[in-house]
Amino acid sequence: MLEERKFSKNGMNLKARSHIEMTVHCRLSRDFFIRDVLQVAPELIGKILVIRSKGNSIQRYMITETEAYRGAEDKACHASKGRTERTEVMYHEGGKIYVYFVYGMYWMLNFVAGEKNIPQAALIRGIEGFHGPGKLTKAICIDKSFYGEDLVTSNRIWVEDAELKVTVKTSTRIGINYAGETWKNKPWRFFICPQTP
DNA sequence: GTTAAGATTCCG
DNA sequence: GGAATCTTAACG
């Protein structure tokens with residue numbers, strides 16, 4: 001986990017550095033999420049996903065890869081099929097969690113972005129140690145019970161700003177070839193540059 | 001009620 | 001390249 005790696009970098013005593021961690025990390029507020037998903041998704045890279053495990057311990061993982069799904073007109077966005085029971089939370093204000101099940105075995109974790117009634121979400125595709133949207137949800141036990149959870153107020157999942165400086169690269173989104181030329185070619189996948197200066 | 005397809009991953 | 005595996009949404 002992040003703290004362990006940071007702690008091993010120099011010889012300061014653990015108590016003092018633990019205090020530094022506590023003051024630097026700050027939960028992201030509603031304001032971060034209610035912006036356009038094309039701002040939110042890339043800025044999530046380098047932020048810290050915090051989750052309380054079933055044993056009640058807090059775990060932190062840096063977010064390394066995201067994708068933006070933007071509005072009803074985006075043919076790759078589930079909301080392009082309309083407002084349904086599944087997509088309902090995407091129409092809520094930013095900061096909520098959208099979780100859905102695919103391929104008979106994987107839960108996908110998304111953070112809702114944008115203003116109320118504008119369906120946008122950022123798919124979390126990778127976190128430190130777990131590359132792949134299906135793998136990470138399995139690793140941190142994300143399931144349907146997280147649907148609609150609020151990252152701003154929840155006591156079991158939220159996002160913190162570590163104020164890390166990272167370089168973000170882009171590419172086209174994965175697994176949406178059905179969406180047509182206009183939408184499948186949007187450079188809306190964001191990932192951390194492996195050799196950030 | 002039935003059915004087709006999917007914001008994936010693993011194996012060959 | 002193909003299977004695993006099941007919810008969602010569209011259709012009858």
Side-chain angles (χ1 to χ4, degrees), chain A residues 28 32-47 49 51 61-151 157-159 168-194:
Chain A
L28 297 183
F32 179 90
F33 295 101
I34 62 176
R35 298 173 300 155
D36 193 288
V37 70
L38 293 182
Q39 287 266 58
V40 174
E43 287 188 31
L44 280 171
I45 307 299
K47 296 293 189 292
L49 174 61
I51 186 155
Y61 306 90
M62 184 176 69
I63 297 171
T64 58
E65 181 181 349
T66 64
E67 276 177 0
Y69 289 85
R70 189 168 185 267
E73 62 174 10
D74 177 3
K75 288 289 187 294
C77 181
H78 289 163
S80 66
K81 299 275 177 62
R83 190 164 181 161
T84 65
E85 187 178 1
R86 181 175 66 153
T87 62
E88 174 62 28
V89 75
M90 272 203 282
Y91 289 80
H92 293 206
E93 63 181 351
K96 303 292 182 62
I97 287 183
Y98 169 43
V99 170
Y100 68 92
F101 197 67
V102 279
Y103 301 125
M105 53 183 95
Y106 299 112
W107 293 100
M108 299 286 109
L109 174 63
N110 299 254
F111 298 161
V112 175
E115 303 279 355
K116 188 179 178 185
N117 291 325
I118 298 178
Q120 301 184 339
L123 169 66
I124 308 302
R125 292 189 53 89
I127 58 177
E128 193 174 28
F130 301 99
H131 182 63
K135 282 174 155 182
L136 76 87
T137 53
K138 185 178 178 184
I140 64 177
C141 300
I142 296 294
D143 59 23
K144 192 167 189 172
S145 73
F146 283 85
Y147 184 96
E149 192 102 0
D150 193 340
L151 290 165
I157 185 169
W158 63 91
V159 184
V168 176
K169 291 195 169 187
T170 66
S171 79
T172 53
R173 294 175 289 179
I174 306 295
I176 53 140
N177 286 334
Y178 62 86
E181 288 302 312
T182 301
W183 300 103
K184 79 179 193 185
N185 292 323
K186 297 284 188 189
W188 289 354
R189 172 173 170 247
F190 309 96
F191 53 99
I192 193 166
C193 178

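Every chain is numbered from 1, with letters handed out A, B, ... down the list of sequences.
Between A:Leu28 and A:Leu151 there is no side-chain heavy-atom pair separated by less than 4.5 Å. The shortest distance between side-chain heavy atoms of A:Ile51 and A:Ile142 falls below 4.5 Å.
Atom P of B:dT2 sits at a distance of 22 Å from the matching atom of C:dT5, rounded to the whole Å. Atom name P, nucleotides B:dA5 and C:dG2: the rounded distance is 16 Å, in whole Å.
Taking 4.0 Å as the cut-off between side-chain N and carboxylate O, A:Arg125 and A:Glu67 count as a salt-bridged pair.
Pair check for B:dC11 finds C:dG1; Watson-Crick or G-U wobble, both atom distances under 3.5 Å.
For A:Arg173 (side chain) and A:Ala68 (main-chain N/O), a donor-acceptor pair under 3.5 Å exists by modelled atom type. The backbone N or O of A:Leu109 lies less than 3.5 Å from no partner atom in the side chain of A:Thr137, so there is not a single donor-acceptor pair. Checked by atom type and distance alone, the side chain of A:Thr87 never pairs as donor or acceptor with a backbone atom of A:Met90 at under 3.5 Å.
A cation-pi arrangement is found for A:Arg86 relative to A:Tyr100, the charged atom lying closer than 6.0 Å to the ring centre and inside a 45° cone about the ring normal.
First and last contacting nucleotides of DNA chain B toward chain A (any atom under 4.0 angstrom from a heavy atom, 5' to 3' order): B:dG6 to B:dC10.
Checked against A:Tyr98 for a side-chain contact (heavy atoms from CB on, under 4.5 Å), the options A:His78, A:Met108, A:His92 give a single hit: A:His78.
A:Ile174 comes within contact range of the sugar-phosphate backbone alone, with a heavy-atom separation under 4.0 Å but no base atom that close.
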Given protein heavy atoms under 4.0 Å, the one-letter contact record of nucleotides 2-12 of chain C, with B base, S sugar-phosphate only and - none, is simply --BBBSSSS--

